[in-house]
Structure formats: structure tokens, C-alpha cells
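Below is one structure, written out as C-alpha cells; comments come after it.
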Amino acid sequence: MPQYNLFVLPGDGIGPEVMAEIEKIAAWLSREGIVHFEIEKGLVGGAAYDAHGTAISDADMGRANAADAVLLAAVGGPKWNGVPYEVRPEAGLLRLRKDMNLFANLRPAICYPALADASSLKRELVDGLDLMIVRELTGGVYFGEPKQIIDLGNGQKRGIDTQVYDTYEIERIGRIAFELARQRRNKVTSSEKRNVMKSGVLWHEVITSLHAREYPDVELEHQLADALGMQLVRRPKQFDVIVTDNLFGDMLSDVAAMLTGSLGMLPSASLGEKSAASETRKALYEPVHGSAPDIAGKGIANPIAMIGSFSMALRYSFNLGELADRIEKAISDVLEKGLRTADISGGATTILSTSQMGDAILAELQVVA
Ligand code: IPM
Ligand code: MG
């Protein structure tokens with residue numbers, strides 16, 4: 001049976017609750033002799049701050065870098081509102097992305113037919129929606145320098161962030177998008193603000209020339225980021241793969257998430273460069289939802305996005321695409337049966353707890369097997 005190291009970072013809020021469901025599934029996979037994950041646990045976000053005053057320790061960073069894949073649940077919460085900016089919970093997540101060079105963030109937005117009525121859009125607009133946002137994750141305004149607040153000495157201050165992209169950064173994220181499109185519906189929509197930003201002019205130029213050189217078989221269109229936001233809520237099913245920068249991708253992926261009915265449903269993968277020697281990539285998988293401090297500790301959080309993230313790990317890190325298909329089918333079947341957690345209840349009479357939902361998916365998985 002294949003064996004891999006999984007570094008698990010439950011983090012804050014509902015994080016530990018949803019992560020517990022992954023451990024159940026992993027234990028079952030191992031009992032069945034399908035794949036064995038050696039699970040090591042670490043601390044990130046507020047949990048790491050409470051333990052050692054940083055958003056992630058160097059030791060845990062080392063474990064993350066050494067693992068075959070990292071699973072992270074969620075970071076942050078009001079408890080840490082007052083901590084210094086450098087060690088706020090989000091800094092742990094940003095350090096993982098940057099230090100592991102996870103430049104490609106894949107955020108699928110899939111609307112399960114059983115949940116189409118939970119979307120804020122009309123059913124016919126979202127039923128069967130299946131798009132993929134490919135967000136650049138280690139560049140742009142998130143990390144560009146200078147990044148500071150300076151005192152102008154006249155009672156005024158100036159806040160500065162820098163949006164910066166080099167050709168290679170745009171090319172490598174573009175390649176990820178085109179390759180994914182080839183396995184899907186063969187269409188890429190590239191998005192920037194070239195009407196006001198120089199980085200947008202370069203983005204447009206690099207994607208256009210990459211397309212002409214290496215991917216002429218893929219359909220490519222360009223949409224300005226504001227117009228794309230509008231089109232996402234107007235007619236979301238026109239999209240297949242959307243490729244965009246770090247900040248626009250952050251915003252647009254929240255919009256796309258809401259189209260599907262619940263933020264609690266969406267997984268994501270953050271991938272690094274392929275290492276030449278082993279064909280493997282560094283990778284971190286996490287749900288798009290946050291730590292949901294308002295419901296933390298109650299055992300009612302929806303574990304589906306976390307389970308979906310684990311499924312993405314099987315697909316992108318461990319070449320277990322068929323197993324991932326089975327898990328995704330189990331999720332969809334459980335929803336078809338009307339089983340719901342509170343966030344997607346939509347008037348359902350019985351509401352499952354986090355662990356009941358995990359159990360239901362595991363039970364379904366055994367049937368699908
Ligand atoms: C996300 C989150 C993060 C981001 C925060 C928590 C730093 O919103 O993953 O989308 O802005 O990238
Ligand atoms: Mg975000």
C-alpha cells in the first residue's frame with residue numbers, strides 16, 4: 001500500500017472540528033489497505049501564537065516543507081484581534097504560501113444540484129455550475145515591496161502597498177490555467193485591470209503571447225476584473241477556468257464561493273513548482289471558508305470543504321484521482337439524500353453535526369467502493 005506523510009494544521013475556530021473528519025477518512029483508507037497517511041500535527045494561526053508567540057514556528061515550517069502535502073483547516077478569530085501585525089494568525093498562512101512557494105491557488109466553485117436553492121442567485125443560473133479560479137498566490141500586492149506606513153511628519157501618514165509582477169510569475173500561473181482547461185472545457189478567461197494598471201498591461205501581454213506560443217488549442221478571452229465580477233453574478237456558467245492575480249483572485253473567489261450556496265462547501269489547493277527530480281510539487285490544501293469563531297466548539301460546522309480539500313490532495317499530490325472521484329461522488333450522494341449541516345439546511349428537518357456528516361460521507365464512500 002502506498003504511504004505518504006501528511007502534515008496537518010487544524011488551526012483555529014472550527015478548524016480542529018472539521019479536521020477530525022479527515023483523520024477518520026484517512027484511518028479508514030489505511031484499514032482498507034488503499035493508502036496509508038502518516039499524520040503529523042502542527043500549530044498555525046492563533047493556536048501557534050498562544051503556544052509560542054508566532055503565527056507558525058520555524059519547526060512547523062520545516063515539517064510543512066518536508067511533508068508530501070500539508071492540510072490546513074482555518075486560522076484567525078476575534079481572540080487575536082489585538083496581537084502585533086507581524087504575528088497575526090493570517091501571517092502563518094501567508095508564510096506557508098511564501099516559504100513553500102505555493103504560487104498556484106486552485107479554487108473550484110461547484111454547485112451541487114441538491115444545493116442550488118441555497119445560492120443567492122436563481123437556481124437556473126447556478127445549477128450545475130463548475131468553474132475553477134486559478135489565483136496567483138505568492139506575488140502581487142500581497143507581497144510587493146515597499147509595503148509600509150510612513151509618517152510624513154505633517155500630521156499625515158502614507159500607507160503603501162506595491163503591486164508587482166514579473167514575466168515568469170505570470171507565465172507559470174498561465175500555464176497552470178491552460179493545462180487545467182485542457183482537462184476541462186478548454187476555455188480560459190484571464191482577468192486584470194490593464195485599463196489602469198501597468199501590471200495589468202504586462203499580465204495581458206504575457207498571457208496573450210503564452211497562449212499563442214504554447215496553447216493555441218485552448219480558447220482564451222480577457223475580461224477586466226470589475227467586468228468579470230459583474231459577469232460572475234450575471235451568468236456564471238459562461239466560465240470554465242479563470243486566471244487572475246492574487247488580490248483579484250481573493251475577491252473573485254469569495255464571490256464564486258457564494259454562488260454555490262455555501263462557503264462551507266468549497267475546497268482549495270495551493271501548489272508549488274514541480275521538482276525536476278521527482279515530478280512532485282509542494283502543496284497545501286485548505287477549505288476556502290474561515291475559522292467561523294461564532295460557531296466554533298459547537299460541533300455543527302460543515303466538514304465538506306475540508307473533506308473536499310483532502311480529496312484535492314489525493315488528486316493533485318498523490319495521483320489518486322479515482323479515489324478523489326469516489327469521495328466527491330460520496331459527498332454529492334449524501335447531499336442528494338437530503339442530509340444537511342446547519343449552514344446548508346434550507347429547511348431540512350434533521351440537521352447533522354460535523355461528525356455525523358463526516359460519518360455519513362464515510363458510510364457513502366464504503367457503498368461507492
Ligand atoms: C483567502 C483569505 C486569505 C487571503 C487571508 C486569510 C489572508 O482571505 O485565502 O482567501 O487574503 O488570501
Ligand atoms: Mg479570501
Side-chain angles (χ1 to χ4, degrees), residues 9-15 18-19 43-49 54-56 61 64 70-81 83-109 131-144 147 159 161-165 169 173 191 225 228-229 232-233 242-260 262-272 282-294 296 301 305-306 308-309 312-313:
L9 294 164
D12 307 323
I14 60 170
V18 294
M19 192 64 91
L43 297 173
V44 67
Y49 179 79
T54 58
I56 184 162
M61 240 352 281
V70 180
L71 280 189
L72 183 148
V75 294
K79 182 179 173 197
W80 301 282
N81 279 347
V83 310
Y85 189 78
E86 293 66 38
V87 293
R88 72 199 187 286
E90 290 77 10
L93 183 57
L94 296 175
R95 179 168 178 205
L96 281 159
R97 290 175 180 171
K98 194 68 179 171
D99 285 11
M100 292 172 74
N101 195 17
L102 305 172
F103 68 91
N105 185 215
L106 277 43
R107 297 192 163 184
L131 63 81
M132 176 76 88
I133 296 191
V134 176
R135 166 188 176 191
E136 200 290 326
L137 202 61
T138 48
V141 76
Y142 271 63
F143 298 99
K147 187 181 197 64
D161 292 283
T162 306
Q163 165 82 347
V164 49
Y165 273 109
E169 295 176 286
I173 194 71
S191 191
L228 177 62
L232 257 184
V233 291
I242 294 170
V243 62
T244 190
D245 78 10
N246 205 342
L247 183 61
F248 294 140
D250 179 44
M251 295 181 53
L252 294 170
S253 61
D254 265 22
V255 175
M258 199 55 223
L259 297 176
T260 68
S262 166
L263 222 74
M265 301 294 299
L266 294 185
S268 80
S270 303
L271 309 175
K282 288 200 176 142
L284 176 145
Y285 300 86
E286 60 177 318
V288 171
H289 64 67
S291 59
D294 51 320
M306 190 72 243
S309 302
M312 287 188 92

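Nothing here was measured: the structure is a model prediction, and the numbers come from that model. Note that ligands are numbered from 1 as they come in the structure, with each ligand's atoms numbered from 1 the same way.
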For the Mg ion (ligand 2), decide whether Asp254 has an N, O or S atom at a distance under 2.8 Å.
no

Nearest-0.5 Å distance, OH of residue Tyr285 to CG of residue Leu102:
9.5 Å

Which residue holds the protein heavy atom closest to atom 2 (C) of ligand 1, what is that atom called, and what is the gap in Å?
Asp250 OD1, 4.0 Å

Checking Thr244 side chain against Ser191 main chain: does a donor-acceptor pair fall under 3.5 Å?
yes

Which residue and atom name correspond to the protein heavy atom nearest atom 1 (C) of ligand 1, and how close is it?
Arg107 NH2, 3.3 Å

Mind checking whether Leu266 and Arg107 have side chains closer than 4.5 Å, heavy atoms only?
no

May I ask whether Glu286 places a heavy atom under 4.0 Å from ligand 1?
no

Taking Leu137 as the fixed residue, which of Asn246, Asn101, Leu271 is the one that meets the side-chain contact (heavy atoms from CB on, under 4.5 Å) rule?
Asn246

Select one of side chain, backbone, both or neither to describe which atoms of His289 lie under 4.0 Å from any atom of ligand 1, heavy atoms only.
neither

Yes or no on side-chain contact (heavy atoms from CB on, under 4.5 Å) for Met306 and Ile14, after CA distance, side-chain angles and deciding distance?
CA-CA 11 Å; Met306 190 72 243; Ile14 60 170; over 6 Å; no

Restricting to non-hydrogen atoms, name the atom on Thr138 and the atom on Arg97 that form the minimum distance, rounded to 0.1 Å.
CG2-O, 3.4 Å

Give the name of the N/O/S atom in Asp250 that lies closest to the Mg ion (ligand 2).
OD1

Does the N or O separation between Tyr142 and ligand 1 drop below 3.5 Å for any pair?
yes

closest protein heavy atom to atom 6 (C) of ligand 1 is Glu90 CG, 3.6 Å

At the 4.0 Å heavy-atom cut-off, does Arg135 count as touching ligand 1?
yes

Leu72 versus Pro287, closest heavy-atom pair with distance:
O-CD, 3.1 Å

